[in-house]
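Have a look at the structure below, then the notes.
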Amino acid sequence: MSKFFFMGRPDVMGKYDQKGFSPKRNEKMGSKLHPLSLVVNSEARKLEIEEIISNHKLFASIELNLEGEEDINELEFALNKPKTQVVDKMPERNAPCLCGSGKKYKKCCG
């Protein structure tokens with residue numbers, strides 16, 4: 001029996017589910033299990049960030065580093081989630097034109 005057949009069916013993909021990219025979809029950034037890691041420059045800035053985090057019900061570990069640069073990229077990513085783009089459907093060729101001329105779309109604007 002050929003190595004590409006398993007119980008009479010071709011086994012081309014092999015063990016497909018066990019390999020490849022597997023994103024960690026269950027890990028939500030900003031939760032208790034996976035808190036945000038932030039670095040701020042001053043105590044006043046730390047209080048501002050803590051207020052923002054409490055307003056949005058997130059969890060974070062904030063490190064105070066007076067000499068380094070501020071790093072709050074994870075917080076910005078958690079607050080500014082991308083929106084889904086919605087594209088209007090193009091009319092079919094024989095549908096009435098959208099401009100209101102009364103002609104078919106293919107004879108007017110298409």
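What you see is a predicted model, and the numbers here were worked out from it, not measured in a lab.
Put simply, Leu79 and Leu47 are part of two different groups of oily side chains (I, L, V, M, F, W, Y) that touch within less than 4.5 Å, one to the next. Residues Phe59 and Ile49 do not share a hydrophobic cluster, clusters being chains of Ile/Leu/Val/Met/Phe/Trp/Tyr side chains in contact below 4.5 Å. Residue Met29 is not grouped with residue Leu33 when hydrophobic side chains (ILVMFWY) are merged at heavy-atom distances under 4.5 angstrom, including chains of intermediate members.
Cys108 and Ser101 get closest at one heavy-atom pair: SG-OG, 3.4 Å. Among all heavy-atom pairs drawn from Ala78 and Leu58, the shortest one is CB-CD1, 4.3 Å. Here the closest heavy-atom approach between residue Lys106 and residue Asn94 is recorded as NZ-OD1, 3.2 Å.
Considering NZ of Lys107 and CZ of Arg93, their distance stands at 9.5 Å, rounded to 0.5 Å. The CG atom of Asn41 sits 13.0 Å away from the NZ atom of Lys46 when rounded to the nearest 0.5 Å. In this structure, Leu38 CG and Ile53 CD1 are separated by 5.0 Å, a value rounded to the nearest 0.5 Å. The CD atom of Glu48 sits 11.5 Å away from atom CD of Glu43, with the distance rounded to the nearest 0.5 Å.
The list of side-chain hydrogen bond (donor to acceptor under 3.5 Å, both in side chains) pairs with a residue in residues 73-90, not counting sequence neighbours, reads Ser37-Glu74, Asp71-Asn73.
Side-chain contact between Val40 and Asn65: absent, with no pair of heavy atoms (C-beta onward) separated by less than 4.5 Å.
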Check the pair Ile72 / Arg45 against side-chain contact (heavy atoms from CB on, under 4.5 Å), numbers first and verdict last. CA-CA 11 Å; Ile72 57 168; Arg45 182 69 173 150; 3.2 Å; yes
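In this structure, Glu50 places its CD atom where more than 12 heavy-atom neighbours from other residues, nucleotides or ligands lie under 6.0 Å away.
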